[in-house]
Amino acid sequence: MKQRYYITTPIYYVNGAPHIGHAYTSIAADVLARWKRLDGFDVFFLTGTDEHGQKVEQAASEMGLDPQSYTDQVSADFRDMADRMGISYDDFIRTTEERHKAGCAALWQRMEAAGEIYLGHYEGWYAVRDEAFYDEAELTTRPDGSKVAPSGAPVEWVREPSYFFRLSAWQERLLKFYDEHPDFIAPQSSRNEVLSFVRGGLRDLSISRTSFKWGIPVPGDPAHVMYVWLDALANYITALGYPDADAPRWVFWPADLHVVGKEITRFHAVYWPAFLMAAGVATPKRVSANGWWVVEGEKMSKSLGNVLEAREMAATYGLDQVRYFLLREKPFGADGNVSRQALITRINVELANDLGNLAQRSLSLIARNCSGALPGRGPATEDDTALLAAAEALPETLRDRLDRQAFHEALEETWKVIRAANGYIDRQAPWALRRTDPVRMAAVLRVLADTLRAVATVLQPFMPGSMGRMLDQLGVPKDARDLAALAAPLPDGTPLPEPQGVFPRYVEAAG
Ligand code: MSP
């Protein structure tokens with residue numbers, strides 16, 4: 001039976017249009033989902049939208065719309081972004097759906113039945129932009145006297161009746177949990193942050209609000225709506241049919257990986273496991289946090305007018321090119337800069353030149369000199385063996401890197417093989433062998449075709465469209481494109497279609 005793998009993206013707030021930051025997290029999760037499928041896993045990949053709370057309610061009212069029709073619109077836009085960015089999700093959950101509301105109410109009831117929830121009064125600071133409560137000590141005072149959260153979000157003083165979750169009682173159990181699961185939070189910097197937050201002592205968490213209406217009503221007390229983070233986190237289980245343990249999808253729980261942005265690790269690595277343990281539900285296996293992108297060195301903001309839209313970037317530079325750049329340019333957990341120049345350089349040097357030209361040169365030599373059919377291997381030279389061994393090692397190397405979300409290393413390792421293949425083709429010079437030793441020429445071209453097949457196979461999760469086309473040109477049947485299939489060589493004489501460039505150079509428009 002196939003091993004299961006459940007991976008999620010954060011569900012995105014529908015208070016504004018999707019941008020490249022949202023696309024990035026989803027693309028990273030998509031690469032992993034596709035990789036696991038390629039590696040023979042039964043994958044469930046979830047994404048969706050986070051539609052309740054004060055922030056969304058305010059955004060709707062600013063647009064002069066009722067929250068439901070507003071969220072319908074924005075959620076559809078996020079779904080369109082996911083579709084156009086090639087996100088291969090198995091389900092797209094919206095927190096305004098009935099299935100979610102019902103599952104979320106059930107989670108509340110389990111926590112309440114376990115004695116983990118009580119009614120009290122909340123008084124303190126709240127940042128609507130972050131949908132988060134802050135302690136006085138976490139805030140900074142601006143020169144004008146106003147206070148802001150560590151994220152820079154303005155805070156307001158809130159005073160209202162509220163239900164609380166007994167988070168204060170979970171400190172020891174959480175610390176024990178992190179200790180027993182050293183890989184639960186990545187990267188190390190996020191893990192350290194979470195550990196020091198929990199070691200610093202936990203206060204009970206306010207989990208309901210009464211000052212607005214746009215949320216899931218608290219079971220038995222509809223004057224309260226649930227805190228939007230409790231509502232949102234629950235999506236990871238409600239999408240699987242929680243609380244129905246017989247729901248067909250429930251077999252996917254616990255999640256193997258929650259991919260999140262670094263600013264929301266506290267919610268995923270502290271509150272979420274505590275809620276789940278309180279309700280008697282298994283905890284997820286790992287939370288991996290991505291760093292943040294800035295654009296040409298500046299934080300993206302509407303006022304600077306520098307917000308990059310993923311779909312527009314894909315239309316300008318090519319979808320696979322943008323996906324490649326985002327995962328290659330920086331380590332996953334680190335912050336990075338989207339610069340037009342760096343993007344164009346990667347497209348022209350690494351994609352068009354290193355990989356595109358290698359494929360084009362090899363395939364057109366086969367088309368011209370081997371009657372367009374895959375030549376057979378010859379007796380292997382040392383040079384052949386070294387290149388083939390490097391190519392054959394790729395699946396194992398990438399498995400290791402991708403299990404640690406080290407996308408940039410996975411790509412760097414693949415490019416080592418591509419560069420080695422470029423060195424090989426130059427040394428072997430098959431175009432010259434054509435006259436002097438056509439048998440050896442055929443053998444060299446076969447080594448190149450096999451190397452390209454391995455490279456294109458492992459790169460499919462990153463660049464599904466172009467690598468699919470490259471595998472078409474290499475004559476690899478659609479049902480022989482997973483990692484396991486690499487073990488079986490393609491039959492000699494497999495007819496190959498006319499080669500066509502896969503990665504055009506990006507040329508600046510004149511003017
Ligand atoms: N709704 C919550 C998440 C709930 S999950 C149960 C939320 N939504 S969000 O719309 O603000 O999206 C946040 C995610 O988008 C971040 O966690 C991060 O993954 C991604 N990014 C948003 N801006 C980003 C950048 N500038 N750079 C990289 N990723 C960023 O938080």
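Remember, it's 1-based here, ligands and their atoms both numbered in the order they're listed. These numbers come from a predicted model, not from an experiment.
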List, one per line, each side-chain donor-acceptor pair under 3.5 Å for residues 2-10, sequence neighbours excluded.
from : atom 1 : to     : atom 2 : distance (Å)
Tyr6 : OH     : Tyr236 : O      : 2.7
Thr8 : OG1    : His258 : ND1    : 2.8
Thr9 : OG1    : Thr47  : OG1    : 2.6

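- Scored by the ring pair (Phe, Tyr, Trp, His ring centres under 6.0 Å) test, Phe92 finds Tyr89 as partners (sequence neighbours excluded).
- The protein residues lying under 4.0 angstrom from ligand 1, judged by non-hydrogen atoms, are Pro10, Ile11, Tyr12, Tyr13, His19, Gly21, His22, Thr25, Asp50, Trp229, Ala232, Leu233, Asn235, Tyr236, Val260, Gly261, Glu263, Ile264, His268, Asn290, Gly291, Trp292, Trp293, Met300.
- Between Ser206 and the options Tyr163, Tyr122, Tyr126, a side-chain contact (heavy atoms from CB on, under 4.5 Å) holds for only Tyr122.
- Residue pairs meeting the side chain to side chain donor-acceptor pair (under 3.5 Å) criterion with at least one partner in residues 300-310, sequence neighbours excluded, are Ser301-Ser303, Glu309-Arg311.
- Relative ring orientation between Tyr271 and Phe197 is described as perpendicular, the plane-to-plane angle rising above 60° on a 0-90° scale split at 30° and 60°.
- A donor-acceptor contact closer than 3.5 angstrom links the side chains of Trp170 and Glu116.
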